[in-house]
Protein chains: 2
Amino acid sequence: MLSKKTQYAFRALTDLAENYGKGPIHICDIASRKNIPLKFLENILNELKKSDFLESKKGKGGGYVLKHSPKKINLAAVIRIINGPIALLPCVSLNFYRRCEDCNEENCGLRRVMAMTRDATLKILEKKTLQDILSGERLII
Amino acid sequence: MLSKKTQYAFRALTDLAENYGKGPIHICDIASRKNIPLKFLENILNELKKSDFLESKKGKGGGYVLKHSPKKINLAAVIRIINGPIALLPCVSLNFYRRCEDCNEENCGLRRVMAMTRDATLKILEKKTLQDILSGERLII
DNA sequence: TAATATCCTACCAAATTAGTAGAATAATGT
DNA sequence: ACATTATTCTACTAATTTGGTAGGATATTA
Ligand code: FES
Ligand code: FES
């Protein structure tokens, strides 16, 4: 399951997507509109900034802005930054690979199945973008 | 990601599948063959028994046996028992549903996408069985 | 009734998640 | 220059989950 932090991240990014093109948005506005603990949200937006999803500006007239169009930000990328691996096992993770102790990778049936589910999941999450999860949008399947 | 406990569960079930038809298998044999902490494995097999995957017998000649053929046990069912929800959000879980606070389900784009990934994942995990993850097996895609 | 092996209750340590506090830094307007 | 504003950084803390362990109770067989 995605952590609460990841849900917060998506809610915040959605808010920024809804206000895309309106200049910098205050973190406290996002926090109050989306009901996210302010100081926790600071951490989250900072991580998203360091991972190049956001731009920020300090001082009066400052705030956060999406660095790219909501259509360009795919959900898998966000999950990987805030939540970690998408795969169900470390040995099939593309971005967070770790070897399984006591398990022969070439010959592991569980690994083969988990690689399939990883692919099926990524096929969706890498295609869907912030734009797709805005509440107004009709999702095209 | 699946917990270590869940990986242990799969390894133990695989061992029982490999020895299917040979009568009760000692928990300490499984533990040593598959390198799983014995007392932890006790808990795991007990949960699997309570969830009707295993039968057990106490005393001399006792041990654990798969209650059903390895072809009948699908991976999603095991994950649900030992690991919990398969869906990425509580609001799209079929077996562990919980409402999302501060979120309107009918109108939530994130929920729509997560329902799609749940379906894609389940399509695989509910079809694949213990038999499919035995190391000798060739996985038919 | 001894030996064997699962079952049960309860605990414990480490890791992760969720959240907070407060000062430092940068930008802006006057 | 200086006050104001808003992000940034460091460093905690609390709660929950994960990964175990200990030891006795119970059932089965011989
Ligand atoms: S190699 Fe990762 S589960 Fe077997
Ligand atoms: S309803 Fe669950 S994320 Fe919106």
Side-chain angles (χ1 to χ4, degrees), chain A residues 1-12 16 23-32 34-51 53-67 79 81-85 88-90 96 98 100-102, chain B residues 1-12 16 23-32 34-67 79 81-85 88-90 96 98 101-102:
Chain A
M1 295 254 285
L2 299 178
S3 64
K4 223 166 164 182
K5 187 179 177 186
T6 308
Q7 272 195 69
Y8 287 155
F10 277 120
R11 291 234 295 274
L16 287 165
I25 306 296
H26 290 158
I27 194 168
C28 57
D29 290 339
I30 302 173
S32 71
K34 297 293 198 248
N35 202 24
I36 303 171
L38 177 61
K39 294 297 273 180
F40 198 22
L41 184 56
E42 282 186 11
N43 299 338
I44 295 170
L45 295 191
N46 238 268
E47 287 181 56
L48 289 171
K49 190 201 165 177
K50 283 178 181 160
S51 305
F53 290 100
L54 303 178
E55 271 174 331
S56 67
K57 214 178 145 190
K58 289 179 178 181
K60 197 158 198 171
Y64 285 92
V65 188
L66 286 182
K67 191 157 177 183
I79 291 175
I81 296 303
I82 305 295
N83 206 71
L88 289 174
L89 291 174
F96 301 83
R98 272 178 304 119
C100 285
E101 307 157 22
D102 311 314
Chain B
M1 295 254 284
L2 299 178
S3 64
K4 221 166 165 182
K5 187 177 176 186
T6 308
Q7 273 194 69
Y8 287 155
F10 277 121
R11 292 232 295 274
L16 287 166
I25 307 295
H26 290 157
I27 193 168
C28 56
D29 290 337
I30 303 175
S32 70
K34 297 293 198 254
N35 203 23
I36 304 170
L38 176 62
K39 293 298 272 181
F40 198 22
L41 184 55
E42 280 187 12
N43 299 338
I44 296 170
L45 295 191
N46 237 269
E47 286 181 58
L48 288 171
K49 189 202 165 176
K50 282 178 184 160
S51 304
D52 211 43
F53 291 100
L54 303 179
E55 270 173 332
S56 68
K57 213 178 145 188
K58 288 181 180 177
K60 195 159 198 171
Y64 284 94
V65 187
L66 286 182
K67 192 157 178 183
I79 291 175
I81 295 304
I82 305 295
N83 206 72
L88 290 174
L89 291 175
F96 300 84
R98 272 178 305 118
E101 306 157 22
D102 312 314

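All chains are named by letter (A, B, ...) in the order of the sequence lines, taking the proteins before the strands, and each is independently numbered beginning at 1.
Looking only at side-chain heavy atoms (C-beta outward), B/Leu88 and A/Thr6 stay at 4.5 Å or farther from each other. When side chains are defined from C-beta on, A/Ile44 counts as touching A/Lys5, because their heavy atoms get closer than 4.5 Å.
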Criterion side chain to side chain contact (heavy atoms under 4.5 Å, CB included) on B/Val65 and B/Leu54, from CA distance to verdict: CA-CA 6 Å; B/Val65 187; B/Leu54 303 179; over 6 Å; no

Trace of the side chain to side chain contact (heavy atoms under 4.5 Å, CB included) decision for A/Tyr64 with A/Asn46: CA-CA 10 Å; A/Tyr64 285 92; A/Asn46 238 268; 3.6 Å; yes

Verdict with supporting geometry, B/Asp102 and A/Arg11, side chain to side chain contact (heavy atoms under 4.5 Å, CB included): CA-CA 10 Å; B/Asp102 312 314; A/Arg11 291 234 295 274; 3.8 Å; yes

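Rounded to a whole Å, the CG atom of B/Asn35 is 11 Å from the P atom of D/dG20. When rounded to the nearest whole Å, the span between CD1 of A/Ile44 and P of D/dT7 equals 14 Å. As a whole-Å value, the separation of A/Asn43 CG from C/dG22 P is 16 Å. Remark: P of D/dT18 and CD of B/Gln7 are 14 Å apart, rounded to the nearest angstrom. Nucleotide D/dT8 holds its P atom 17 Å from the CZ atom of A/Phe40, rounded to whole Å. One atom, CD1 of A/Ile25, and another, C1' of D/dA6, lie 14 Å apart when rounded to the nearest Å. The nearest whole Å value for the distance from the CG atom in A/Leu41 to the P atom in D/dA6 is 15 Å. In this structure, CD of B/Glu55 is placed 19 Å from P of C/dA5, rounded to the nearest angstrom.
Taking 4.0 angstrom as the limit, A/Ser56 places a side-chain polar atom (N or O) nearer than this to OP1 or OP2 of D/dT8. For the OP1/OP2 pair of D/dG19 and a distance below 4.0 Å, the side-chain nitrogens and oxygens of B/Ser3 include at least one atom meeting the criterion. For the pair A/Asn46 and D/dC9, the criterion of a side-chain N or O lying under 4.0 Å from OP1 or OP2 is met. Look at A/Lys4 and you'll find a side-chain N or O under 4.0 angstrom from OP1 or OP2 of C/dG19. Distances shown here put a side-chain N or O of B/Tyr8 below 4.0 Å from the OP1 or OP2 atom of D/dG20. Contact check, B/Lys50 against C/dC8: a side-chain N or O comes under 4.0 Å of OP1 or OP2. Residue B/Tyr64 places none of its side-chain N or O atoms closer than 4.0 Å to OP1 or OP2 of C/dA5. One finds a side-chain N or O of B/Lys49 lying less than 4.0 angstrom from the OP1 or OP2 phosphate oxygen of C/dC7.
Between A/Lys50 and A/Glu47 there is no salt bridge, since none of the side-chain N atoms of the basic residue sits less than 4.0 Å from a carboxylate O of the acidic one.
Side chain of B/Glu42, nearest nucleotide from C/dC8, D/dG19, D/dC9: C/dC8.
Counting distance only, with no hydrogens placed and no angle test, the side-chain atoms of A/Lys39 and the base atoms of C/dG22 include a donor-acceptor pair under 3.5 Å.
Under a 3.5 Å cut-off, the side chain of A/Ser32 and the backbone N or O of A/Asp29 do form a donor-acceptor pair.
Using a 4.0 Å heavy-atom cutoff across all strands shown, B/Ile27 reaches sugar-phosphate atoms only and no base atom.
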Anything under 3.5 Å between a protein N or O and an N or O of nucleotides 3-5 of chain D, put it in a table, one pair a line.
none

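The shortest heavy-atom contact between B/Cys28 and B/Leu38 is CA-CD1, 3.9 Å.
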